[in-house]
Undergrad: 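My questions all concern the structure below.
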Amino acid sequence: MATWLFKEEPETYSFADLQRDGTTLWSGVANALAQKHLRAVKKGDRVFFYATGKVKAVIGVMLVTADPVPDPADESGKCVAVTVKPVRALAVPVTLAAIKADKAFAQWELVKQARLSVMPVPDALWAKVEKMGNG
DNA sequence: GCCAACGTTGGC
DNA sequence: GCCAACGTTGGC
């Protein structure tokens with residue numbers, strides 16, 4: 001099982017929206033590197049929901065419920081999308097500021113490459129964020 | 001195929 | 001609201 005982080009602007013689609021919907025197709029990822037990561041996602045993988053914009057924090061955990069499929073919104077047919085469902089909201093949001101303040105995260109794409117919207121999460125960092133999110 | 005110009009994203 | 005970083009586009 002691999003672990004990932006997906007970014008979304010909560011005014012576009014929030015974690016609460018996902019909890020309400022029960023499941024959603026994570027589509028509309030256009031960036032080439034983000035697509036490369038997305039194609040490597042597998043059913044059963046876990047994903048952090050990171051809210052951009054005003055929130056700027058990891059706020060929830062999701063589960064991938066199906067392997068990547070062609071993104072129905074993409075006319076080129078090259079992009080993929082994955083289906084996710086919510087697992088739980090973190091007790092405490094893990095803010096970008098808190099992540100940046102800890103040098104263990106210094107090499108992570110979340111810190112180094114602000115515009116990347118899909119990225120892997122190394123095991124050690126996943127455990128650390130989960131611990132920080134438990135409050 | 002290169003690169004300048006332009007557009008977009010996301011943090012501040 | 002601004003701007004840095006980065007991606008994309010289009011002219012050559």
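Chain A is the first sequence line, chain B the second, and so forth, proteins listed ahead of strands; every chain is numbered from 1. The analysis underlying the following values was restricted to heavy atoms, covering all of them including side chains, and did not include hydrogens, waters or symmetry mates.
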Undergrad: For Gln35(A) and Lys78(A), which heavy atoms make the closest approach, and how far apart are they?
TA: OE1-O, 4.1 Å
Undergrad: Got a sec, which pairs hit side chain to side chain donor-acceptor pair (under 3.5 Å) with one end in residues 52-62 of chain A, sequence neighbours left out?
TA: none
Undergrad: Going by side-chain heavy atoms closer than 4.5 Å, which hydrophobic residues are tied to Trp4(A), directly or by a chain of links?
TA: Phe6(A), Tyr13(A), Phe15(A), Leu18(A), Trp26(A), Val29(A), Leu38(A), Val41(A), Val47(A), Phe49(A), Val55(A), Ile59(A), Met62(A), Val64(A), Val80(A), Val82(A), Val84(A), Val118(A)
Undergrad: When Ile, Leu, Val, Met, Phe, Trp and Tyr are grouped by side-chain heavy atoms lying under 4.5 Å apart, directly or through other members, which residues fall in the same group as Val129(A)?
TA: Leu5(A), Leu33(A), Phe48(A), Tyr50(A), Val58(A), Val61(A), Leu63(A), Val87(A), Leu90(A), Val94(A), Leu96(A), Ile99(A), Phe105(A), Trp108(A), Leu110(A), Val111(A), Leu116(A), Met119(A), Val121(A), Leu125(A), Trp126(A), Met132(A)
Undergrad: Taking Asp71(A) for its side chain and Ala81(A) for its backbone only, find out whether a donor-acceptor pair lies under 3.5 Å.
TA: no
Undergrad: Checking Lys7(A) now: which residues fulfil salt bridge (Lys or Arg N to Asp or Glu O under 4.0 Å) with it, not counting sequence neighbours?
TA: none
Undergrad: Nearest 0.5 Å, what's the OG1-CG distance between Thr12(A) and Asp17(A)?
TA: 9.5 Å
Undergrad: Heavy atom of residues 53-61 of chain A under 4.0 Å from DNA chain B: which residues?
TA: Gly53(A), Lys56(A)
Undergrad: Among residues 95-117 of chain A, which ones have heavy-atom contacts with DNA chain B below 4.0 Å?
TA: Leu96(A), Lys100(A), Ala114(A), Arg115(A)
Undergrad: Kindly write out the residues that satisfy salt bridge (Lys or Arg N to Asp or Glu O under 4.0 Å) with Asp67(A), not counting sequence neighbours, or none if the list is empty.
TA: none
Undergrad: Could you tell me the separation between the OG atom of Ser117(A) and the NE2 atom of His37(A), rounded to the nearest 0.5 Å?
TA: 9.5 Å
Undergrad: Taking 5' to 3' order, which nucleotide of DNA chain C is first and which is last to have an atom within less than 4.0 Å of a heavy atom in chain A?
TA: dA5(C) to dG7(C)
Undergrad: Need the bend value for the helix from dG1(B)-dC12(C) to dC12(B)-dG1(C): angle between end axes, 5 pairs each end, nearest 10°.
TA: 10°
Undergrad: Is there any ring pair (Phe, Tyr, Trp, His ring centres under 6.0 Å) pair reaching into residues 64-96 of chain A, and which pairs are they, with sequence neighbours excluded?
TA: none
Undergrad: Would you mind listing every salt bridge (charged side-chain N to carboxylate O under 4.0 Å, His left out) that reaches into residues 125-135 of chain A, with sequence neighbours excluded?
TA: Arg88(A)-Glu130(A), Asp102(A)-Lys128(A)
Undergrad: Using salt bridge (Lys or Arg N to Asp or Glu O under 4.0 Å) as the criterion, list what pairs up with Asp21(A), not counting sequence neighbours.
TA: none
